[in-house]
Number of protein chains: 2
Amino acid sequence: MKKKITLKQIARELDVSISTVSKALRNSIEISEDTREKVQAFAKLYNYRPNNIALSLKNRKTKTIGVIIPEIVHHFFSKVIRGIEQVANKRGYNVIVGLSNESFDKEVINMQMLANGSIDGFILSISKETLLQQDYHHFKETISQGMPIVMFDRVVNEIECDKVIIDDLKGSKNAVSKLLSNGCKHVAIITTKDYVSVGKLRTQGYLEALEDYKMSPNSNLILKVDDELVSEDHLISLESEIEQLFLNNKKIDGVFAVNELYAIIGMKVARKRGLRIPDDIQFIGFTDGVLSKHATPSLTTVSQHGQEMGEKAAELLIEKLEHEDQEEQYQTVVIETELIERNSTK
Amino acid sequence: MKKKITLKQIARELDVSISTVSKALRNSIEISEDTREKVQAFAKLYNYRPNNIALSLKNRKTKTIGVIIPEIVHHFFSKVIRGIEQVANKRGYNVIVGLSNESFDKEVINMQMLANGSIDGFILSISKETLLQQDYHHFKETISQGMPIVMFDRVVNEIECDKVIIDDLKGSKNAVSKLLSNGCKHVAIITTKDYVSVGKLRTQGYLEALEDYKMSPNSNLILKVDDELVSEDHLISLESEIEQLFLNNKKIDGVFAVNELYAIIGMKVARKRGLRIPDDIQFIGFTDGVLSKHATPSLTTVSQHGQEMGEKAAELLIEKLEHEDQEEQYQTVVIETELIERNSTK
DNA sequence: TGTCAACACGAAAACGTTTTCGTAAAAACA
DNA sequence: TGTTTTTACGAAAACGTTTTCGTGTTGACA
């Protein structure tokens, strides 16, 4: 087992100073060609690589990006990570992930763990609990310490930083309009409670689409699911809530759901009730994941372009990191959504 | 913007030495209670946290685990990451991820990036390309430099290190036996080419199950899909290959697939041919992801317990990291698979 | 009053780099 | 030969910690 070799060891071995070795390796003209070659050959032989930690300490840069997301077993978030990873690596950065598990405390702890010099900046999406409690002091503190943050998807106005979002309102309005223009007369929405910002916006898009079509909203057609429990029981209660929705509104002929899962479960319930998709009832979901693609029938859905969001977020962050001198100016990038038409709509 | 504060600054401010501050913060009895309180109050006021990088350099430990996986937009791998993250965090470690994208080069580069002091050890699953080329020098080098590696799922005998795997053979044998005991007479398998070790083992399990039931294998019933292209075209060619399988074997009444996707596509093809699931034909997949749970009909599947694999891998690695003195001894942990019965089987 | 512990603190080294500055020796020049 | 300029290298500081060792001051005791 040959341990990692250091400058000091090379220096001792070759009977020169550490400075000389360092300079020789970086091809400084200060060092004679003779010595340079000797040192480089030796370094190559022993597979020398500069110690990253020492470099980080010296440069006060880690070349590492901290990513905090609420959940990783989730198609959208993993796509975002892939996007972040891709541009980060291309630009010489590493990515270190923390999961908040939708918990405020874990979000805070994770950020503290990373903020102490381990990373140069954050990319994150806010946990549901944080959104609910509306306690954003940890973000503010981090930013005030000079560490840049880029938020994506679940963002919040109170914090001033770069943001990457989609136009949730427009995306859902488009989707609902599609249902209406396809002839649906009784369009229901399955959404989340309002404290999830994206849920709220998507609900609003639904309402605006109805208005455009001169239809008045019917509160019976709006199902706001409590999204706090993500466990198995949740699935069951979700299903029965949706059943209730159908029971109360026999004429539903279109459903817009604010995520894949709600849509899939919705289709399941509809099928159980003997409705044919898309002939009797049409469905559109949000977030283009595996479920949408491989459901039967495949689900028409609003794609959020998660990977693109990740790429953009990483670009924004790195840009900020590498031009710290620039005056503070935050941008909010809006990624276009796209309606991917499949077989759950006509 | 108040920048992060250091020991030196506290020392200057309070007019004591750096050593005193350091000791006071760690509650050393060397320092008078007076001074201790003063320093601690000041530190708290300015929200002092020791710089991680400096600690890493000093301790020659980063308390960080490097994870290299082929792909993150993948239910199994994200479950594993979640498992790793969970135990790592609990034990005070961070997790830094690298994606190989199934490419040999990216795997090597990613490992080099991390191996230079950024992390204490690796948890990884080998990329397909590496498996194909059978070039494992980067693993060997890393290990010989004293950096421990734990491999999971896609492992290889040539490398001596801790491993966490499932009993692919047993898992698939069980699954196929289930089909046979359910009365299937013509069980097909949709698997990968043999260079993917898990694919090979699962195929072998299929064969052994047949043998147990005194049935002779029929090479027409074995479809080995070339898994190299994961793109959209792949999906299409996959589907037509499976159609061909059904066309050549009209009597197929059971299908075992080595992953979710193959099973889902298989069901789709079967349905197109007018077969009823599970009455006319039964399906079992491998890997318990979202697709299995929410497909119609829901898919009976062999669960790999990805999260548990991640947890175990992290435990093994941390154990090794924290008892480096121990004599080298590698273990291979086998995680039990579980057949989750749903509606695609009788 | 002189000696010795106990106490409270500081100096310095170490982790592995990079970089600035200083300098001896060699080369160039007058 | 005497002076200046290169050339080629080394010493040391810095990044932020922790820790070992040394030391001045105080109080107790004979």
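Each chain gets a letter, A, B and so on, in the order its sequence line appears, and its residues count up from 1. Please read all numbers here as calculations on a predicted model, not as lab measurements.
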Between the NZ atom in Lys23(B) and the CD1 atom in Ile18(B), the distance rounded to the nearest 0.5 Å is 12.0 Å
Nearest-0.5 Å distance that lies between atom NZ in Lys90(B) and atom CD in Glu311(B) | 7.0 Å
In terms of relative ring orientation, are [X] and [Y] parallel, tilted or perpendicular, with 30° and 60° separating the classes?
{"X": "Phe152(B)", "Y": "Phe77(B)", "result": "perpendicular"}
{"X": "His137(A)", "Y": "Phe104(A)", "result": "tilted"}
{"X": "Phe76(B)", "Y": "His74(B)", "result": "perpendicular"}

Taking the nucleotide of DNA chain C with the closest heavy atom to each, which residue, Asp15(B) or Thr6(A), is nearer the 5' end?
-> Asp15(B)
Indicate whether any N or O donor in one side chain lies under 3.5 Å from an N or O acceptor in the other, for Arg49(A) and Asn47(A).
-> yes
Ser103(A) versus Ser100(A), side-chain donor and acceptor atoms under 3.5 Å = no
Which nucleotide span of DNA chain C, 5' end to 3' end, has atoms closer than 4.0 Å to non-hydrogen atoms of chain A?
-> dC15(C) to dC21(C)
Which of residues 19-37 of chain B have a heavy atom under 4.0 Å from DNA chain D?
-> Ser19(B), Ser22(B), Lys23(B), Arg26(B), Glu30(B)
Please check if atom [atom1] in [X] has more than 12 non-hydrogen atoms from other residues, nucleotides or ligands closer than 6.0 Å.
{"X": "Ile29(B)", "atom1": "CD1", "answer": "no"}
{"X": "Asn27(A)", "atom1": "CG", "answer": "yes"}
{"X": "Glu158(A)", "atom1": "CD", "answer": "yes"}

Checking all strands, does Leu7(A) fall into the base, sugar-phosphate, or nothing category for heavy-atom contacts under 4.0 angstrom?
-> base
How bent is the helix from dT1(C)-dA30(D) to dA30(C)-dT1(D), comparing axes over its five end pairs at each side, to the nearest 10°?
-> 80°
